[in-house]
Novice: 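Before anything else, here's the structure in question.
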2 protein chains.
Amino acid sequence: MDEPSTCKIKITEYAKVCPNANEQSIEKKLVIDVGAKENFGLNDVLNRIMQGDCIEGMKKLPSEIADMVFIDPPYFLQLQNKRLFRWKDHTEVNGVNDAWDKFKSFEQYDSFLKNVLTEVKRIMKPEATVWITGTYHNIHRIGKIMLDMGFWILNDVIWFKKNPMPNWLRVRFTNATETLIWAVKNGNVKWYTFNEHLARKFSLEFTENFRPVPEEEKIGTNIWYLPLCTGEERLRDEKGKKIHSTQKPEGLLERVILTSTKSGDLVFDPMAGTGTTGYVASKLDRNFIMIEKEKKYIEAAESRFVKLWPRAE
Amino acid sequence: MDEPSTCKIKITEYAKVCPNANEQSIEKKLVIDVGAKENFGLNDVLNRIMQGDCIEGMKKLPSEIADMVFIDPPYFLQLQNKRLFRWKDHTEVNGVNDAWDKFKSFEQYDSFLKNVLTEVKRIMKPEATVWITGTYHNIHRIGKIMLDMGFWILNDVIWFKKNPMPNWLRVRFTNATETLIWAVKNGNVKWYTFNEHLARKFSLEFTENFRPVPEEEKIGTNIWYLPLCTGEERLRDEKGKKIHSTQKPEGLLERVILTSTKSGDLVFDPMAGTGTTGYVASKLDRNFIMIEKEKKYIEAAESRFVKLWPRAE
DNA sequence: CAAAGTCCTGAATCATATG
DNA sequence: ACATATGATTCAGGACTTT
C-alpha cells in the first residue's frame, strides 16, 4: 500500500551485506553457522539463515531488532506409534513421526517453549508482534505460558483448512483447524502494525466467491480459509517424498506478514524449517532472519532462495 | 434418531421424583438448596437446579453419574478494564463487568478451574465427555490444566459467530470466535458418544451460508457457524436489560447435546447461569443436573422451565 | 487440446481383536 | 506389554492419465 520500502534486500543489496557473494557461492552465503561468532550484529545475519540450535542462536542476537516474529514450534502430537491405514488402498497415513516432535513430558515441552519465548521477547522491538501456531495438542500450553510471561494476546486466528484429512473412523469431528496466537510483549503496546484493510480482504476472500457481501458485513474476522501446502509448492526430494512433514502453505505466511508488518520490516523465525517465512517475507519486500537446526531443511530453503534471487552479476 | 428414550423426565415423572409437586409450587421445586443435605442422591437432584456454590454442590454429588458435562466458566476478561469494552457483547462500555468474572490473579483463576475440573472428573461416568467454553483470555489456561490433569482432548470446536461485534477501532482482527474444548477423562476412553451424522449436518450449515448446498453432506468439521444469543431468546428484565451478560445461544447447546449424548442421558452443568444447558437438554429428551449460585439467574431459568413443562394435573 | 477419470495424500493424539 | 490382522470406505486439491 502506502508504506515506503526502507531497507529492501535483493541480491545486489544482499551482496553488500555479504561482500564475498558470487555466482558460485550464493547458496553457502545464505547460511551462517550459529557457532561462527560469539555474538552476531544485525548485518551478520540480515536475510540469512543461522544454522544451529535456536536457543543458542537467539542468545547471540541483539535485543529489539525484530518487527515481527513467526514461530512454528513442534506440536508435540503424541501419536503413540499407532498406525493408521486407508482401507481403500491399504496405504498407510504418513503422520508426523519426527524426532523434533518428541518430548519426554509436558514439563519438558513447556520448558523448551518458555526458553524460546523468553529470547523471542528480548529480540522483539517494543512495538513488535509475535505469531505462534498450534493445534489443541500444544496451543493451550503455549497460550498459558505466554499469558504468564506477560505477553498480551491480540487475537486467536483460526486457520480453517479447505482440505483437511477426514476422520473416516467417525469418532470425532474432523479436525479442520489450526490456531495462531497473535500477541504483543505486554498490554501497554499500542503502536503495533495492523493492516486492517488486508485483514478484511483475507477474511472475506472465500465468502465473496459464493455470494455478494454487504458492506456492513465486511469486517476482518479472525478466520482464514486456506488449503494445505500441496502440489508444486510442497518441497519434495528426488523420490517425491516430502522433505518436511509439516511445511506451512505460503498463503498462510502471506497473510501473517501482510497484516502485521510494513514493507522493509524485519521478520524473525527461530524455527524456520524449509524457510517459508523468510521466503515469503522476501517476496513481499520484507527482511528476515531465520534459525534452523536441520541441514536437510536448510538445503531445501536454499533451493527456494536460489530461484527467488537472481544471481549476482 | 434410533436411540430409545430411557428415563425422560417431564412434569409427571418429575412429580414422582419430587412427590410434593403441585401446581402452585412447581417453580420452587425445580430448585434445591446446596445446603439442604449433607449429600445428595441422584433422585434428589435429577432435573433440578442446585442453588449455591458449585464446588460445594459438586462435592455432595455421587461419583460417575453424568454422561456429559457442559461448563461455561467465567472468562476472566478483567485484567485491564480499559480493553474490555471492545470485546464482549453488544454494549460498548457496558461489557462483562460481573463480580463472578473477577479474580485476583491467574493463579486464583487456575486454582478455581482446577477445583471445578477435579470434581467434574469425579462426577463423569467413565465414558462421559466434557465440554468447556472460552476465548483466548481463558481457554488456554483451561486447556493446559485439563491436559495436566490427564483429560484427553478430542477436539477443539470453533464457534464462528455470525454476528460478532465488529472491531470498529480496527486495531485487531474482529474476534468472531469462541473455542470449545471437547474431552474425555483420559486417553483410554473409547466408547464415548459421538453422533457423527449430526456432526455432519451441523457442519453443513456452515457451508450453506457460503455456497450452493451440496448434493451430499460434507464431513463433520470442528467449525460451527451460529449467531449470538439475541432477540426473543435473550432473557431480559422488566426494563429490557439483559439478565445475564453472556447467555449462550440455544443453538450452541443443541449442537453440543445432540452430537455428544443419547436420548435419556444425564447432562451436568456446574455453572448454569440462566439454565440454557438444562433447558435445551430437557427439550431434547435428556436429563440434567445444574448448579448455579446467583438467585436472579435461577429465577430466569425457572421462568424458562415453567413455559417448557406443563403444570401437573 | 479439452474433458473426464484416476490416484495420491494431508500436524491425526481416528478402532478392535487376536496372537 | 507389544505386533499384526481385520474391517469396510472418508474428502478436497492437485498431479497425472485416459478418453
Side-chain angles (χ1 to χ4, degrees), chain A residues 71-103 106 109 132-142 159-180 206 209 225-236 239-249 251-252 271 273-274 276, chain B residues 127 143 146-147 150-156 181-192 194 196-197 199-200 203-204 207 211 214-222:
Chain A
I71 313 174
D72 183 13
Y75 286 7
F76 193 23
L77 288 185
Q78 301 174 266
L79 291 182
Q80 315 217 321
N81 295 321
K82 287 178 186 170
R83 302 173 74 185
L84 184 61
F85 289 91
R86 298 179 184 85
W87 296 331
K88 187 175 183 177
D89 51 13
H90 294 276
T91 58
E92 184 171 3
V93 174
N94 187 14
V96 177
N97 194 28
D98 304 271
W100 49 254
D101 198 47
K102 298 194 192 309
F103 293 83
F106 284 142
Y109 183 81
I132 188 158
T133 65
T135 56
Y136 62 83
H137 310 81
N138 70 320
I139 197 67
H140 303 309
R141 308 201 75 82
I142 292 171
W159 170 23
F160 183 17
K161 298 173 185 175
K162 277 187 179 179
N163 49 348
M165 188 169 78
N167 184 305
W168 60 77
L169 289 178
R170 305 179 177 186
V171 291
R172 305 177 176 191
F173 297 90
T174 289
N175 194 28
T177 62
E178 295 199 16
T179 301
L180 295 94
F206 72 104
N209 288 329
Y225 190 56
L226 279 172
L228 295 165
C229 179
T230 59
E232 285 273 314
E233 190 186 324
R234 189 91 199 201
L235 298 170
R236 295 179 187 279
K239 296 174 186 168
K241 196 183 157 203
K242 59 190 177 190
I243 290 173
H244 196 293
S245 57
T246 68
Q247 186 184 339
K248 288 281 176 294
L252 187 71
M271 281 169 261
T274 56
T276 309
Chain B
E127 311 292 328
M146 291 180 78
L147 290 172
F151 282 100
W152 193 252
I153 297 179
L154 298 169
N155 285 110
D156 275 356
I181 292 176
W182 185 44
V184 286
K185 291 169 91 161
N186 61 68
N188 298 320
V189 177
K190 302 293 177 192
W191 289 98
Y192 54 87
F194 177 58
E196 188 262 353
H197 55 291
R200 286 188 181 212
S203 178
L204 183 63
T207 309
R211 67 180 80 165
E215 289 292 322
E216 296 180 8
E217 291 179 339
K218 303 292 180 187
I219 55 176
T221 60
N222 62 328

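Because only heavy atoms are used, hydrogens play no part in the values below, and waters and symmetry mates are left out as well, while side chains stay in. Worth saying up front: this structure is predicted, and the values here are computed from it rather than measured.
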Novice: Taking atom C1' in both dT13(C) and dT6(D), compute the distance separating them and give it to the nearest angstrom.
Specialist: 23 Å
Novice: Give one of base, sugar-phosphate or nothing for W191(B), where a contact means two heavy atoms less than 4.0 Å apart.
Specialist: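 Touches sugar-phosphate only.
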Novice: Just to be sure I understand the rule, does S245(A) reach a base, reach only the sugar-phosphate, or reach nothing, if contact means heavy atoms closer than 4.0 Å?
Specialist: sugar-phosphate
Novice: Testing the 3.5 Å rule here: is there a donor-acceptor pair between the side chains of N222(B) and T177(A)?
Specialist: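 Distance-only check passes for N222(B) and T177(A).
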Novice: I'd like to know if the side chain of N175(A) and the backbone of N155(B) have a donor-acceptor N/O pair within less than 3.5 Å.
Specialist: no
Novice: Among D101(A), D98(A), N94(A), which one satisfies side chain to side chain contact (heavy atoms under 4.5 Å, CB included) with S245(A)?
Specialist: D98(A)
Novice: What's T230(A) touching, base or sugar-phosphate or nothing? Going by heavy atoms closer than 4.0 Å.
Specialist: sugar-phosphate
Novice: After noting the C-alpha distance and the side-chain angles of W182(B) and Y192(B), does the key distance pass the ring-ring contact (aromatic ring centres under 6.0 Å, His included) rule?
Specialist: CA-CA 11 Å; W182(B) 185 44; Y192(B) 54 87; 5.7 Å; yes
Novice: Measuring only between side-chain heavy atoms, which start at C-beta, is D156(B) closer than 4.5 Å to H140(A)?
Specialist: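 Yes. Closest side-chain heavy atoms under 4.5 Å.
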Novice: Contact class for I139(A) vs. all strands (heavy atom < 4.0 Å): base, sugar-phosphate, or nothing?
Specialist: nothing
Novice: Classify the glycosidic conformation of dT6(D) as syn or anti, calling it syn when the angle lies within 90° of 0.
Specialist: anti
Novice: Does W87(A) lie flat on the base of dA8(D), that is, centres under 5.5 Å apart and planes under 30° off?
Specialist: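 Given the distance and angle limits, no, they do not stack.
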Novice: With a sphere of 6.0 Å drawn around CD of E232(A), does it hold more than 12 non-hydrogen atoms of other residues, nucleotides or ligands?
Specialist: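 No, the 6.0 Å shell around CD holds no more than 12 heavy atoms from other groups.
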Novice: Taking the same atom, P, in dT9(C) and in dT9(D), what whole-Å distance lies between them?
Specialist: 22 Å
Novice: Can you tell me how far C1' of dC14(C) sits from CG of N188(B), to the nearest Å?
Specialist: 15 Å
Novice: For the side chain of E178(A), counting heavy atoms from C-beta on, which of dC14(C), dA12(D), dA11(C) is nearest?
Specialist: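 Nearest listed nucleotide: dA11(C).
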Novice: Any side-chain N or O of K162(A) under 4.0 Å from OP1/OP2 of dA12(D)?
Specialist: no
Novice: Any side-chain donor-acceptor pair under 3.5 Å between N97(A) and K102(A)?
Specialist: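 Side chains of N97(A) and K102(A): pair found under 3.5 Å.
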Novice: Mind checking K241(A) for me? I need base, sugar-phosphate or nothing, with any heavy atom below 4.0 Å counting as a touch.
Specialist: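 The answer is nothing, as K241(A) stays clear of every strand by at least 4.0 Å.
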Novice: Do T91(A) and F85(A) touch side chain to side chain, with heavy atoms closer than 4.5 Å?
Specialist: no
Novice: Can you tell me whether the side chain of R234(A) and the base of dG14(D) have a donor-acceptor pair closer than 3.5 Å?
Specialist: no
Novice: Choosing from dA12(C), dG10(C), dT16(C), which nucleotide comes nearest the side chain of V93(A)?
Specialist: dA12(C)
Novice: What does L154(B) touch in the nucleic acid at a heavy-atom separation under 4.0 angstrom: a base, only the sugar-phosphate, or nothing?
Specialist: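 Nothing, no heavy atom under 4.0 Å.
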Novice: If the P atom of dA11(C) is compared with that of dA8(D), how far apart are they to the nearest Å?
Specialist: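 The answer is 29 Å between these two P atoms.
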Novice: Specify the residue among F85(A) and H244(A) whose closest nucleotide of DNA chain C lies further upstream toward the 5′ end.
Specialist: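 Result of the comparison: H244(A).
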Novice: Please state whether the phosphate of dT16(C), meaning OP1 or OP2, lies under 4.0 angstrom from any side-chain nitrogen or oxygen of K190(B).
Specialist: no
Novice: Answer with base, sugar-phosphate or nothing: what part of the nucleic acid does D98(A) contact at a heavy-atom distance below 4.0 Å?
Specialist: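 Since no nucleic acid heavy atom lies under 4.0 Å of D98(A), the category is nothing.
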Novice: At a heavy-atom distance below 4.0 Å, what parts of residues 166-174 of chain A sit against DNA chain C?
Specialist: P166(A), N167(A), W168(A), L169(A), V171(A), R172(A)
Novice: Can you find a side chain N or O atom of N175(A) that sits less than 4.0 Å from OP1 or OP2 on dT13(C)?
Specialist: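 For dT13(C), OP1 or OP2 has a side-chain N or O of N175(A) closer than 4.0 Å.
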Novice: Side chain of M165(A), heavy atoms from C-beta onward: which of dC14(C), dA11(C), dT10(D) has the nearest atom to it?
Specialist: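 From the listed options, dC14(C) comes nearest.
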Novice: Can you figure out which of dA12(C), dA8(D), dA12(D) approaches the side chain of N163(A) most closely?
Specialist: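 For the N163(A) side chain, the nearest candidate turns out to be dA12(D).
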Novice: Give P249(A) one of three labels, base, sugar-phosphate or nothing, depending on what nucleic acid heavy atoms sit under 4.0 Å from its own.
Specialist: nothing
Novice: With pairs defined as Watson-Crick or G-U wobble and both distances under 3.5 angstrom, please note down DNA chain D as a dot-bracket string, | for pairing with another strand.
Specialist: .|||||....|||||||||
Novice: Using heavy atoms to find the nearest nucleotide of DNA chain D for R86(A) and G231(A) separately, return the residue whose nucleotide is more 5′.
Specialist: R86(A)
Novice: Compare all side-chain heavy atoms of L154(B) with those of V184(B) and state whether any distance is below 4.5 angstrom.
Specialist: yes
Novice: Side chains of Y75(A) and T133(A): any donor to acceptor distance under 3.5 Å?
Specialist: yes
Novice: Counting heavy atoms from C-beta on, name the nucleotide in dA8(D), dT13(C), dG10(C) closest to the side chain of N94(A).
Specialist: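 Selected nucleotide: dG10(C).
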Novice: Please determine which of T246(A), T135(A), N138(A) meets the side chain to side chain contact (heavy atoms under 4.5 Å, CB included) test together with L77(A).
Specialist: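 Result for side chain to side chain contact (heavy atoms under 4.5 Å, CB included) with L77(A): T135(A).
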